There are 2 protein chains.
Amino acid sequence: MGDIAEACGVSKMTVSRVLRNAEYGVSESARERVLACAKRFNYRPNALAKSFAKNRSGYLGIALPFEGLLGSAYFSRLVAGLQEGMAGSDWQFALFDTLSDSFNKGDKLAGLYHEQRVDGLIAIAPHSNEEYIEKLTAEDIPVIIAGEPTQHQNAISVSTDDEDSIRFLSDYLIARGHREIGFVEGPENLLSARLRSDAFHQQMAKHGLPVNPNFIFRGDYNRSKTRDNALQFLKMKALPSAVIAANDLMALGFLDAANICGISVPATCSVVGVDDLDAAKSSYPPLTTMHQPVRKTGEIAMRCLIEWTETGKKPEPLKKLSSTIVERASVQAYPTHAS
Amino acid sequence: MGDIAEACGVSKMTVSRVLRNAEYGVSESARERVLACAKRFNYRPNALAKSFAKNRSGYLGIALPFEGLLGSAYFSRLVAGLQEGMAGSDWQFALFDTLSDSFNKGDKLAGLYHEQRVDGLIAIAPHSNEEYIEKLTAEDIPVIIAGEPTQHQNAISVSTDDEDSIRFLSDYLIARGHREIGFVEGPENLLSARLRSDAFHQQMAKHGLPVNPNFIFRGDYNRSKTRDNALQFLKMKALPSAVIAANDLMALGFLDAANICGISVPATCSVVGVDDLDAAKSSYPPLTTMHQPVRKTGEIAMRCLIEWTETGKKPEPLKKLSSTIVERASVQAYPTHAS
DNA sequence: TTGAAAGCGCTACCAG
DNA sequence: CTGGTAGCGCTTTCAA
């Protein structure tokens, strides 16, 4: 930078101003000269020096459990949103695994911030409210939880509204004449799965409809496991006219089983899921499901985070985005064999 | 750091030495005092300052097309390897999308390096030999291509050996009495897909076996597309006794179709794939496939990159890792109806 | 074994 | 509108 100042016969300051795109405080002629010179010298601003001087790393961290999440459609959608939310800005992504260094996750992540490796964090932990959130929040580190509502006091989160999806789906099927409705459960130890299950039972109760325990089975958010369980389930003499799966993966597993058994969906039994995975578009038959605005979640989370790190002002604590139904071909309205 | 030097009655230098874990050049007593003091002060080294002084960002970039790859099992496996390769080191991951900023990918990535935002790059571009590789290589930027062999001169890559997998699979089926073998093709525009296809034809020719064009169809590395095409395919009166899918996703799609049609795998038709996705373990029936050492690929790539950035010595140009078969339940040996 | 000094490349702050 | 000066927190170099 000194070189180019010298070559142009101006001070480093002027050069700095021009290069920083400061719109004021520099004459046009000087600006042009400097710009030309910079190009000639093939000048590259040094991000390290800049970071150091401004006391900002320029990196925003994404913290998530690599195993399981990194390869999921959910992650890629969320990141697409994060990207969108940071479009046009000069921030960069850093990536951290909350599983490694598990012995001291809180310290690790907090350290990242204190050591100025990142200026803020997005925590993706849809599967549990990890304890590290508490520590980060307590230390006033800019961190936003994406994808899961959290019970932590003062923590900021942006998520989709799981319970609402299930309620909607229950109403949807009931409105279409279904009375006997089955449910495929997610893993017991996951908050979101419990929330979904509760919402189903509540909504059935609200409509005065009984829940037949035979029509409930576990799939653990897993396609092949659900398939295997459904293979048993479908042997029952009396089937429900519809089944709600707590997520798409399980709905897909149910379809796999139905195809193997030669049971027709939706003629014999309707199926709905939650998530709207890419695969739900092209399943056999295409799956009616709740589209979760995961991408939007990421976008909002990122905007909040940037706002927070740039202004220092902590945003509102919680946002829940609601889902919308995508009607495809796995639901039969007014089934003739409905009880 | 000054504070703690003062408090201990030593110089900043001594403190620096202690904190850097320099094994020599400092007395035990001084070391202990400094360490204690640092703990008391809750001292945090500032990574920014360190980076600046050492002229290293501490970040290694992973460049990939977010869309399509970010949510894939392939990506997560590769990253697991990268992580392994960087275990114990002080490097961090940065993440860049080769699709955004597509207008000037080369410049963008090169810029990242020149601006010192990253000290090296892993390029994951299994689907094409992007032009930006050329630019990076020409500028002697430490970049390693993971997952795909490359034709670029001087570029360094670590990849799995696709052709070898297909050759092995062909031999494997032939050795088990199969004579009429079908093939599910990947997308035409992908190098790896063409390579796999060529390998199949070559190997059949080598054994003096004809390839029936009716037994070849396209799946484009896509599960549901393959399912739909296979649904047609399986209507043929004469089927091959085995089918090789150029990847697991397509093998899975083929299984979907077989299940829907009620065609028994492997009794009627055997199926094999390439990749060994998680889903291949639990498909119906479980899939016999080639396990690609994707994780290993990542690990080696990362080790090479670190070596390169730390020593400045460019590693050997190309490594190909070979695959091993995982025998499950989708192949029938010595089918009775083989021609 | 220790310490003093210089400097990494940039920005902030205050003068002119 | 412009330029000087003073750091940012660490490492490197050299001298004691």
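Everything numeric in this text was worked out from a predicted model, so none of it was measured. A note on names: the letters A, B, ... follow the listed sequences, proteins ahead of strands, and every chain is numbered from 1.
Across the interface with DNA chain C, nearest-nucleotide mapping of B/Asn55 and B/Thr14 shows B/Thr14 to be the residue nearer the 5′ end. Nearer to the 5' terminus of DNA chain C, by closest-nucleotide assignment, is the contact made by B/Ala30 (compared with the other of B/Lys12 and B/Ala30).
Interface limits on DNA chain C: the 5'-most and 3'-most nucleotides within less than 4.0 Å of chain B heavy atoms are C/dT1 to C/dG9.
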Subject >> Audit row: B/Glu299, B/Arg303, salt bridge (charged side-chain N to carboxylate O under 4.0 Å, His left out) steps and yes/no >> reply: CA-CA 6 Å; B/Glu299 189 182 336; B/Arg303 282 197 208 292; 2.6 Å; yes

Original post:
A/Ser57 and A/Gln116: side chain to side chain donor-acceptor pair (under 3.5 Å), yes or no, with the steps?
Top reply: CA-CA 6 Å; A/Ser57 72; A/Gln116 312 235 49; over 6 Å; no

Original post:
So B/Ile62 and B/Phe96, side chain to side chain contact (heavy atoms under 4.5 Å, CB included) or not? Walk me through it.
Top reply: CA-CA 6 Å; B/Ile62 309 179; B/Phe96 304 101; over 6 Å; no

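Look at CZ on A/Arg117: it is 16 Å from P on D/dG9, rounded to the nearest Å. Between A/Glu28 atom CD and D/dT2 atom C1' there is a gap of 15 Å when expressed in whole angstrom units. Rounding to whole angstrom units, NE2 of residue A/His114 and C1' of D/dG9 are separated by 17 Å.
In this structure, the side chain of B/Thr311 engages the main chain of B/Lys313 through a donor-acceptor pair within 3.5 Å. The backbone N or O of A/Val10 sits nowhere less than 3.5 Å from a side-chain atom of A/Thr14 that would complete a donor-acceptor pair.
B/Asn154 pairs with exactly one of B/Ile133, B/Thr137, B/Asp140 by the side-chain contact (heavy atoms from CB on, under 4.5 Å) rule, that one being B/Thr137.
Here B/Ser16 reaches the OP1 or OP2 of D/dT11: one of its side-chain N or O atoms lies under 4.0 Å away.
Annotation: side chain to side chain contact (heavy atoms under 4.5 Å, CB included) contacts of A/Ala47 (sequence neighbours excluded): B/Glu115, B/Arg117. Residues satisfying the side chain to side chain contact (heavy atoms under 4.5 Å, CB included) test with B/Glu316, not counting sequence neighbours, are B/Lys319. With sequence neighbours left out, the side chain to side chain contact (heavy atoms under 4.5 Å, CB included) criterion links B/Ser27 to B/Ser29, B/Ala30.
Ring geometry, A/Phe93 versus B/Phe66: the interplanar angle falls from 30° to 60°, so the pair is classed tilted.
Looking at residues 37-54 of chain A, you'll see A/Phe52, A/Ala53 sit with a heavy atom under 4.0 Å from some atom of DNA chain D.
End-to-end axis angle of the helix from C/dT1-D/dA16 to C/dG16-D/dC1, using five pairs per end and rounding to 10°, comes to 30°.
No side-chain heavy atom of B/Tyr113 sits less than 4.5 Å from a side-chain heavy atom of B/Leu136.
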